[in-house]
Amino acid sequence: MSHDGTVPPSPGLPRHSTIAQVAVHAPAGRQTGEEIEDDIRARNPGIRLLPGLLRQMYGFEERRVAPAGTWPSDLAAAAGRRALDRAGLGPDAVDLLIFASASEDMEEPATAHIVAHKLGVTAPVFDVQNACNGVLNAVEVADALIRTGRYDRVLITTGELGSALSRLPARHQDELAALLPAYTLGDLGAALLLEASDHPGVLGATFHANSAGWRAATVTNPYFTPRFGSQSARFDSHALAASFTGMEGAAFDALHALGRTTGDIHLCCVHQASVPFTHAILEALGVPAERAVSTFPCYGNVATATLPLQLAEAERRGMLRPGDLVALFGLASGASFGMLLMAWHPSGTPKPPAQRTREHTTSLVP
């Protein structure tokens, strides 16, 4: 038994990793699509913007907005603290901390250092960054490190401040069109606590990239913006969607290799860049909408925090039971695709799946 009272995997048994806790920190501030559109018109005189455009194009209703002066590390630390509190653990119980966000406090040092300092964690740290797939890749890395015995407990954190991109100017209609998806980006902190286990939690994963599509969605480094012209962010939704064509086949192959099909999945979490995009992905995968949690309308696109948010909301609604099969599908600019399959064992102790009832509400994570 370790110093914090947990029982490590028995000697000689295979090591696995499991997600012991998931936590979300949602800022209290809310901003509706209508308020965002009014702000765009006020800051960009001469720009024509149809009322209700964000709702019509993306299914966007509102997003969470952090208070002025908030850093990505603040959101990540708040979620990380909640995950540790739920597990009854102190900061000294963390063996490794990973920060896996598209947003970051600064270029150097790694934002993971700042998150660890705010939490009081003294373990090794590093950042993982792959646009909206950062958390999914962090789980892949953490699982590998736990399986090899390098660490027993890894805290993955993310803090997204997507609303900051809404302050970028749009000098004409073409720039507005290239920025429009950015106005649906929201603020959120999230954390996943992975632990060593002698029963399988993370079952398998597959990752693929079509890097020729990297130009479809870009946010430039402020030091090198002149290389890409005057606009520091641009999003071509059609080109980005096209860059993912055919990647769903990799998911089917990976599931088949694990002896599973999409029909076996109890909960399907997909990166949600818009309501139509989410519907298209679920349809391509053959997953019914009732096996997913819709978060985009009330949170917007929260980048790397999207998948943990869906897990937290599903758990809160009672949609998850120990032993349930959960699939995480990540799609990110680049283009990057990943799928991770896991059995849901949040307590670290496997139990037979209970009889479940599905709840179809739009309640929010508190």
Side-chain angles (χ1 to χ4, degrees), residues 22 24 26 30-33 36 54-65 100-103 130-137 139 158-163 165 180-190 192 216-217 235 237-238 240-241 243-244 247-248 251 262 265 267-317 319-320 326-340 360-365:
V22 57
V24 167
R30 285 180 165 88
Q31 189 177 33
T32 67
I36 294 171
L54 296 179
R55 179 185 295 110
Q56 294 170 23
M57 288 191 63
Y58 305 114
F60 177 84
E61 296 294 337
E62 67 174 19
R63 65 183 177 185
R64 297 297 182 96
V65 179
S101 177
S103 304
N130 187 16
C132 294
N133 270 352
V135 162
L136 197 61
N137 287 127
V139 174
T158 182
E160 295 291 5
L161 272 176
S163 69
L165 287 180
L180 202 58
Y183 298 116
T184 69
L185 294 172
D187 302 341
L188 201 76
L192 296 171
F235 302 88
S237 299
H238 294 294
L240 184 59
S243 66
F244 295 120
M247 287 193 185
E248 69 276 5
T262 53
I265 297 171
L267 178 69
C268 180
C269 300
V270 302
H271 176 65
Q272 299 185 12
S274 73
V275 170
F277 182 77
T278 304
H279 288 168
I281 295 300
L282 291 174
E283 184 177 351
L285 294 171
V287 175
E290 60 266 22
R291 295 188 190 172
V293 177
S294 177
T295 55
F296 180 87
C298 293
Y299 287 89
N301 181 353
V302 287
T304 61
T306 301
L307 299 178
L309 172 62
Q310 292 169 64
L311 285 175
E313 180 67 2
E315 184 182 43
R316 196 192 68 78
R317 295 186 196 180
M319 292 174 61
L320 279 173
V326 178
L328 306 179
F329 291 94
L331 298 102
S333 58
S336 170
F337 169 81
M339 185 210 73
L340 187 140
H360 310 300
T361 65
T362 56
S363 58
L364 303 177
V365 174

Apply side chain to side chain donor-acceptor pair (under 3.5 Å) to residues Gln272 and Thr306 and explain how you reach the verdict.
CA-CA 7 Å; Gln272 299 185 12; Thr306 301; over 6 Å; no
Spacing of CG belonging to Asn133 relative to OG1 belonging to Thr304, to within rounding of 0.5 Å:
9.5 Å
May I have the step-by-step check of side chain to side chain contact (heavy atoms under 4.5 Å, CB included) for Cys269 and Leu311, ending in yes or no?
CA-CA 7 Å; Cys269 300; Leu311 285 175; 4.0 Å; yes
Might you point out which heavy atoms bring Ala305 and Leu188 nearest each other, and give the distance in Å?
CB-CD2, 3.8 Å
Is there side-chain contact between Phe277 and Val270, with at least one heavy-atom pair below 4.5 Å?
no
Quick check: closest heavy atoms across Ala312 and Val24, and the distance to 0.1 Å?
CB-CG2, 3.7 Å
Short question: side chain of Thr295, backbone of Gln310 - any donor-acceptor pair under 3.5 Å?
no
Just by modelled atom types, is the Ser101 backbone N or O under 3.5 Å from a matching donor or acceptor in the Glu160 side chain?
no
Show the nearest heavy-atom pair for residues Glu315 and Leu320, with the distance to one decimal.
N-CD1, 4.2 Å
Within-4.5 Å side-chain heavy-atom neighbours: Val275 and Pro297
yes
Working to the nearest 0.5 Å, report the span between CD of Glu290 and SG of Cys268.
11.5 Å
Out of Asn130, Leu192, Leu307, which one pairs with Val135 under the side-chain contact (heavy atoms from CB on, under 4.5 Å) rule?
Leu192
If you take all heavy atoms of Ala26 and Tyr299, which pair is closest and at what distance?
CB-CE2, 4.3 Å
How long is the span from the CG atom in Leu282 to the CZ atom in Phe329, to the nearest 0.5 Å?
9.0 Å
Is the shortest side-chain heavy-atom distance between Leu136 and His271 below 4.5 Å?
no
Step by step, would you call Leu180 with Leu54 a side chain to side chain contact (heavy atoms under 4.5 Å, CB included)?
CA-CA 8 Å; Leu180 202 58; Leu54 296 179; 4.1 Å; yes
Could you grab the distance from atom SG of Cys298 to atom CG of Leu309, nearest 0.5 Å is fine?
10.0 Å
The test is side chain to side chain contact (heavy atoms under 4.5 Å, CB included); show your working for Met57 and Thr184 and say whether it passes.
CA-CA 11 Å; Met57 288 191 63; Thr184 69; over 6 Å; no
Rounded to the nearest 0.5 Å, what separates atom CG in Leu328 from atom CD1 in Ile265?
9.5 Å
CG/Asn301 to OH/Tyr58 distance, rounded to the nearest 0.5 angstrom?
10.5 Å
If we ignore hydrogens and angles and just use 3.5 Å, is the side chain of Arg63 paired with the main-chain N or O of Tyr183 as donor and acceptor?
yes
Kindly determine whether Arg30 and Arg64 satisfy side chain to side chain contact (heavy atoms under 4.5 Å, CB included), including the steps that lead there.
CA-CA 5 Å; Arg30 285 180 165 88; Arg64 297 297 182 96; 2.7 Å; yes
Atom of Ala131, atom of Ala332 and distance for their closest heavy-atom approach:
CB-CB, 3.9 Å
Shortest non-hydrogen contact from Ala292 toward Leu267
CA-CD1, 4.4 Å
Counting only N and O atoms by type, is there a donor-acceptor contact under 3.5 Å from the side chain of Asp187 to the main-chain atoms of Gly162?
yes
